[in-house]
Amino acid sequence: MTVYFDNAATTPLDPEVLDAMLPFMRDYFGNPSSIHGHGRQARAAIENARKSIAHLINAAPAEIVFTSCGTEADNYAAFGSVRPLGLKHIITSRLEHHAVLHTTQALEKCGDAQLSYLRHDAQGRLDLAHLEELLATHPRTFVSLMHANNEIGNLNDIAAIGEICSRHDAVFHTDTVQTMGHYRHDVQQLKTHFLVGSAHKFHGPKGVGFLYRRSGQNLDALIHGGSQERNQRAGTENVYGIIGLAKALEIAYRDMAEHQRHIQGLKDRFIEKLQAEIEGVQFNGTSADTEHSLYTVLSVSLPPSSLNEMLLFNLDINHISVSGGSACTSGAQAGSHVLQALGADPDRGTIRFSMSKYNTVEEVDYAVEQLAKMYRKEPLKV
């Protein structure tokens, strides 16, 4: 059996998405900036995709800007707003994806803004009272806090964060890469200025994403050289990627309730079987808390063992694809900045199981069985 449990990294392409993309790879090949019929066909398809995505998140089509990925969208929101709006302070957390951490650190290094990190507890839960304190002394701040953590699955209350930011006239950006297509987002209800989607996280193609930019937020372009995306993002559009992005999000919204029930069932089974089969197993962050974690991600903390050094390799030999991490840097393998921030035990091994609609109960059972065999054979560290 070959098992893929690394869906937080990327997901397999949905066949319906491929079917929607193929005509634009094969037949409708015009450059959407061209004024002739071939170009107009491509332009119309892009604008229909833009309208579809806007409708799903309750935005206006003009508020959707297509990008190459979620990382570019995060960069665009930060660099495009901090400098032109004269925002001299940034608030984020040490648990953010590097697309946000490295971007905000670059802005600080350039002298554009002072950077503050929000406090959190040992499980990675953000201290929103601290956010209030920081904003009270730093008006017109750029706040960037993710909806769900890609490593440990913690869900942040972005509705509450948006309300706090609104009271202090802060500009709020949230990285929703891990939750777009898995939860419904209504930007008329959320007081956020920017949120992000990346197609390959919800069974769309790689190489395409989008930034929702609330009307009235005038950003400096990140990429120059053309008038595409209303002069906001130069370069010939990835037409078939955009078609695939819109189709993938349509399918995700259409089938969301069914897929959520299925995937949550797999996660619950993982938790139950791991606790039964491996003595001393724990879970990082709020990963095992149904109410406060992303239903597609389970971050498993394994007992101290010499096996942990080759954990992913041994799972791969057994045809199980997962991601991992540790709280320290060992050799050439960099440790997880998220686990380090949580103060995780560096002797424990970590596996991130991330699930999709295509995974099965049988795959869960196989993965736990193979993992349990390894730990039964390997003496634990004392």
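Note that this is a predicted model, so its numbers are computed, not measured.
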Are Leu266 and Leu315 connected into the same hydrophobic cluster when the rule is that any two of I, L, V, M, F, W, Y join if their side-chain heavy atoms are below 4.5 Å apart?
yes
Take Leu274 and Phe283 through the side-chain contact (heavy atoms from CB on, under 4.5 Å) test and state the conclusion after the steps.
CA-CA 10 Å; Leu274 284 166; Phe283 303 97; 4.1 Å; yes
Short N-O contact, Lys51 and Glu47, less than 4.0 angstrom:
no
Should Leu195 and Leu245 be counted in the same cluster of Ile, Leu, Val, Met, Phe, Trp and Tyr side chains packed under 4.5 Å apart?
yes
Answer yes if the side chains of Glu96 and Ser93 hold a donor-acceptor pair under 3.5 Å, and no otherwise.
yes
Answer yes or no: is there a donor N or O on one side and an acceptor on the other, between the side chain of Asn31 and the main chain of Thr236, under 3.5 Å?
no
Apply salt bridge (charged side-chain N to carboxylate O under 4.0 Å, His left out) to the pair Arg213 and Glu229, showing each step before the final yes or no.
CA-CA 12 Å; Arg213 179 198 62 181; Glu229 293 301 291; over 6 Å; no
Are Glu237 and Arg43 close enough for a salt bridge, meaning some N to O gap below 4.0 Å?
yes
Which residue, Ser299, Ser287, Ser323, forms the side chain to side chain donor-acceptor pair (under 3.5 Å) with Arg352?
Ser323
Does the side chain of Asn7 come under 3.5 Å of the side chain of Asn359 through a donor N or O and an acceptor N or O?
yes
Is there a side-chain contact between Val338 and Asn149, using heavy atoms and a 4.5 Å cut-off?
yes
In this structure, are over 12 heavy atoms from other groups packed under 6.0 Å from His38 atom NE2?
no
Count the heavy atoms of every other residue, nucleotide or ligand shown that sit under 6.0 Å from OH of Tyr240, and state whether that count exceeds 12.
no
When you compare the side chain of Ser305 with that of Met374, does any pair of heavy atoms fall below 4.5 Å?
no
Give a yes or no on whether a salt bridge exists between Lys191 and Glu163, defined as a side-chain N under 4.0 angstrom from a carboxylate O.
yes
Heavy atoms of Ala372 and Glu277 approach each other most closely as CB-CB, 3.9 Å
Taking the side chain as C-beta and beyond, is there a heavy-atom pair between Val300 and Asn284 under 4.5 Å?
no
Quick check on Ile317: does its CD1 atom have over 12 non-hydrogen neighbours (other residues, nucleotides or ligands) under 6.0 Å away?
yes
Does any non-hydrogen side-chain atom of Asn154 lie less than 4.5 Å from one of Leu95?
no
What closest approach, in Å, do Ala77 and Leu211 show between heavy atoms, and which atom pair accounts for it?
CB-CD1, 4.1 Å
Check: Ile251 and Phe202 side chains under 4.5 Å, non-hydrogen atoms
no
Aromatic ring pairing His102/His98, orientation class (parallel under 30°, perpendicular over 60°, tilted between)
parallel
Answer yes or no: is there a side-chain heavy-atom contact under 4.5 Å between Tyr117 and Leu134?
no
Please check if atom OH in Tyr28 has more than 12 non-hydrogen atoms from other residues, nucleotides or ligands closer than 6.0 Å.
no
Looking only at side chains, do Gln232 and Arg230 share a donor and an acceptor under 3.5 Å apart?
no
Is there a donor-acceptor contact under 3.5 Å linking the side chains of Thr71 and His97?
no
Please walk me through it: do His203 and Lys357 pass side-chain contact (heavy atoms from CB on, under 4.5 Å)?
CA-CA 9 Å; His203 305 288; Lys357 62 185 181 180; 3.6 Å; yes
So does Arg167 pair up with Glu132, basic N to acidic O under 4.0 Å?
yes
Option passing side chain to side chain donor-acceptor pair (under 3.5 Å) with Ser116 (candidates His138, Glu108, His89)
His89
Would you please test Arg214 and Glu63 for side-chain contact (heavy atoms from CB on, under 4.5 Å) and show each step?
CA-CA 6 Å; Arg214 187 174 292 278; Glu63 295 176 316; 4.3 Å; yes
Work out which heavy atom in Gly181 is nearest to a heavy atom in Ala252; give both atom names and the distance.
O-CB, 3.3 Å
Using the side-chain contact (heavy atoms from CB on, under 4.5 Å) rule, take Met1 and His319 through it: C-alpha gap first, then chi angles, then the decisive distance, then the call.
CA-CA 7 Å; Met1 179 180 286; His319 310 293; over 6 Å; no
Kindly give the heavy-atom pair with the smallest separation between Leu155 and Ala148, and that separation in Å.
CD2-CB, 3.7 Å
Side-chain heavy atoms of Phe5 within contact of Val364, under 4.5 Å:
yes
Report yes or no: do Val297 and Leu371 belong to one cluster of Ile/Leu/Val/Met/Phe/Trp/Tyr joined by side chain heavy-atom distances under 4.5 Å?
yes
Under a 3.5 Å distance rule, please check whether Arg140 uses its side chain to pair with a backbone N or O of Ala170 as donor and acceptor.
no
Starting from Met21, can I reach Phe210 by hopping between I/L/V/M/F/W/Y residues whose side chains sit under 4.5 Å apart?
yes
Fit a plane to each ring of His182 and Tyr295, take the angle between them on a 0 to 90° scale, and name the class: parallel (under 30°), tilted (30 to 60°) or perpendicular (over 60°).
perpendicular
Do Ile242 and Met25 share a hydrophobic cluster (ILVMFWY, side-chain heavy atoms under 4.5 Å, transitive)?
yes
Does a donor on one side chain and an acceptor on the other come within less than 3.5 Å for Thr176 and His147?
no
Before accepting this row, confirm whether a basic side-chain N of the pair Arg269/Glu272 lies closer than 4.0 Å to the acidic partner's carboxylate O.
no
Looking at His55, I want to see if its NE2 is surrounded by more than 12 non-hydrogen atoms of other residues, nucleotides or ligands under 6.0 Å.
no
